[in-house]
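Please read the structure below before turning to the comments.
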Amino acid sequence: MKLPIHLAWGVSIFIALQWVGMVNCPVKGPAQTTQLHIGLYARSITEPAGRKDSETTLNFLLKELLAAAKKQHRFNITDIKAILFDDIDGMRAALLLGDLDMIVAPPFLISKYFKRDELTMGFAGVLHNGQPDSILLIARADKGIASVENLSGKKILLLEDDELTEVFIDYLCLKQFKKSYKAILSAVERQQKASHIILDIYFNKADAGVVFRGAYELMAGLNPDVAKKVMVIESYPSKSRNVSFFRKDYPYAKEILVLAQTSFKEDARTKQILEIFRTSGLYPFNVEELGQFDEFYVDYQKLRHQAGLLPLTRK
Amino acid sequence: MALKPRSSIFIRVFLLFGFLVLGITLFFAFMAIPMQKNAFNQIMFTQADTISRSIVQASSDAIISKDYGFIVEHNVEVLKNNTRIFYVLVSPSTGDKILVLQKKWRLLDKVDAKLQALEGDQIHYEILSYENFNNVYHFVYPIKFSGVEWGWLHIGFSTEQYNQSIQHMYDQIIYIIGISFLIIVIVGYFFARWIARPVWQISQLATKVAGGDLSVRSTLQRRDEIGVLSDSFNSMVGALLQSKQHLQNYNQELEREVIIRTQELAELNKSLDKKIQEEVAKSKQQEALLIHQSRSAAMGEMIGAIAHQWRQPLNALSLVQQNLQLRFEMGKLDSEFMASNMEKSSRLIKKMSSTIDDFRNFFKPNKHLELLNVQQVIRSTIDLLEAQLKNHNITITLDCPENIEIIGFSGEFSQVILNLINNSKDVLIERTTPNPTITVSAMQNQDKTVQVVVKDNGGGIPAEIFDRIYDPYFTTKEEGKGTGIGLYMSKIIIETNMGGVLSAANDKEGANFTIKLKNKPAKRLLNRLP
Ligand SMILES: Nc1ncnc2c1ncn2[C@@H]1O[C@H](COP(=O)(O)OP(=O)(O)OP(=O)(O)O)[C@@H](O)[C@H]1O
Ligand SMILES: [Mg+2]
């Protein structure tokens, strides 16, 4: 089954909803129509596949699972939909209007653009070995880059439109050189895929890059030589690349979370999807945990200030 | 179904059908194998070619710009989506080679010599083992850009599906053969039964018919040759039955006829018996009558003969009487004369008396067979006729030895001699033959048979009547003189009663009648003895 890694998010959550239906219905009596509209931040979700493909695949899978779920359980969520958003503000607006019941986006963006009381607790996926899907600074071992200080004059590859990774390299450079990364590095190139960044470094097309641990481990798994030649220099412990939150007051939020930690794990289909996602499971993610990113951003702003740069404002 | 094992038509049709269908099935199945293999090969080739082209096409920019990351990523993706590909080896003419496996990839300094040998101008493929993969469909695709050789793309395909297809094909062939075998058995059975059963049935019926049961009929209702056979069989049996009934009727009729005929025959036999008895009785009567007639005739003759014999003594007696009267009238009747005349007359009377005795003897029926002296019998017979013959001047001679004897009845034998002499006498008188002579001769031959011949010189028996002289009542004499039974009786006496032969012949003088007798009694003669 061809399933982009991040689509697994919506799918996994959807599967959780089957269990809600199964548990609730005998209690609540006859079917009651309700909706589950999931908003997904396109740039982080669709990294591996195209946007159109992702949307189509996602909706198709949701419908297929809905049909299957209806057969198995008295499942009362009849209106289920996945919507891709390109800008995080639009997504927030939809959530506030009640058009969305759930959002899936990078935690850094959520921390930056959403108020905490607009959300209630959600999920985060972690890597199969329990590690967080951290942000990594990687470099070719033979280029003599052992730490951030060796980055000067090197060519680096960054993910396109990924704010956190850019903030991360900038943060490191500001801390080391008191200068923006743009001033330190000889060249900065953007790549759409983290895996491609790793391969380009492996094939000597660049000296360093910023990627997620999940991608790095995937590439190292495919070719152990990659891990030998492409070394991790720095990391930032972001728990997951994308996290999800329910809209505040979404009636099944709690049930879905409970199920996600119990019988949800046993479901074969869910396991299959999570395996593609290289995730051992979905873990509850508190709104409070976004504080890590708030702090990081604050530290970053301080470093900018120390370097004499203007603070960044919200777009 | 009651088809017996000896129903060889059934078995033959069944086997023929079976082998035919099985043969055709096998032929087509084994025709299909190489074709199908070829088709599978073609499919493999087309797939490999398509995948190679698509990889090269997708990677062309990356190849030119030496973006090996893209090449790796693309091929990892290709392998992820195509589990039938074991590996992709991108082999540029210079530099590192990229080997991408399922969930793995690595760089190689150089390509195995084994694979390098396959790198040429043209697409090449081979089944080989590589990287722990066995039976790999290894496809080598030369990568060229604007005629410049950049390198080669090696793709290793799993032959599992190919093998599965082949296996599937074999399975299908086995399945088809199995099905057709089943069909052969079922359809063949019914087909063979359809062919053989009516034949068998009809042959069973024919066996019954052969056993004599003509009531059987074929109930087969078909619109083919077997139906025609069945109809013909029925009409044949019908015809048989009809002809059998005809035959039976005919037999019964015949039996009735035979019974009737037998009865008729029995009746006929009975009446015939009666008739024969009647006829025998009649003929016995006739014979008796004839004998009586002949005896009467002979008696008549005898009376004539007696008359002739008595004439002379009667005349002499009359003379004696006249002499006596004359002498008495003359008074000269003396005792001497008287005595001499008395003696003379008593002699005459004695002579007459003996004549009567002779005749009486002649007519005395014979009671006993006796040994007859031929000479004596003939002599006494001639004696009876002597006076008559002398009267007609007929000379009769007897030439017979004294000692010839025969066994028989003297009356009968002398009657024959009498008849023969009388016949000669009649002819001699009638024809007024000069010097009429009758000669009777008898002799004994060396074989002890006795032969008596009565011969005359009367001119013989006319030729025109020669064959009829023995017929009863045949006579040439005028009425009242001859009855025509003389020779008939004589023939019966000699041939039937005495076992001899009586034959007649003419010589230049007259007729010769010859009697031949065996010197022993004939059976008939002995039978008549008390
Ligand atoms: N010796 C003979 N010579 C020539 N003809 C003879 C002589 N004897 C017999 N026949 C012929 O045969 C005939 C038959 O003879 P047969 O004695 O049977 O009869 P028949 O003499 O005519 O009559 P009968 O009964 O008185 O004897 C005679 O009528 C005569 O014509
Ligand atoms: Mg006569």
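Hydrogens, waters and symmetry mates are skipped; everything else that's a heavy atom, side chains included, is used. Nothing here was measured: the structure is a model prediction, and the numbers come from that model.
Ranking B:Leu101, B:Val76, B:Asp96, B:Asp67 against chain A, the residue ahead of the rest is B:Asp67, based on heavy-atom pairs under 4.5 Å. The most heavy-atom pairs under 4.5 Å with chain B, out of A:Ile198, A:Ile201, A:Val226, A:Asn223, come from A:Asn223.
Heavy-atom neighbours of A:Met231 CE from other residues, nucleotides or ligands within 6.0 Å: at or below the threshold of 12. Within 6.0 Å of atom CD in A:Glu160, more than 12 heavy atoms from other residues, nucleotides or ligands are found, so the atom counts as buried in its surroundings. Shown here is B:Lys104, whose NZ atom has no more than 12 heavy atoms of other residues, nucleotides or ligands within 6.0 Å.
For residues 23-72 of chain B, the pairs satisfying ring pair (Phe, Tyr, Trp, His ring centres under 6.0 Å) are A:Phe203-B:Tyr68, B:Phe45-B:Tyr125, B:Phe45-B:Phe139, B:Phe70-B:His74, with sequence neighbours left out.
Using a 4.5 Å cut-off between heavy atoms, B:Val100 does not touch chain A at all.
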key: side-chain contact (heavy atoms from CB on, under 4.5 Å) evaluation trace for B:Lys103 with A:Leu222   = CA-CA 5 Å; B:Lys103 294 183 177 179; A:Leu222 287 173; 4.2 Å; yes
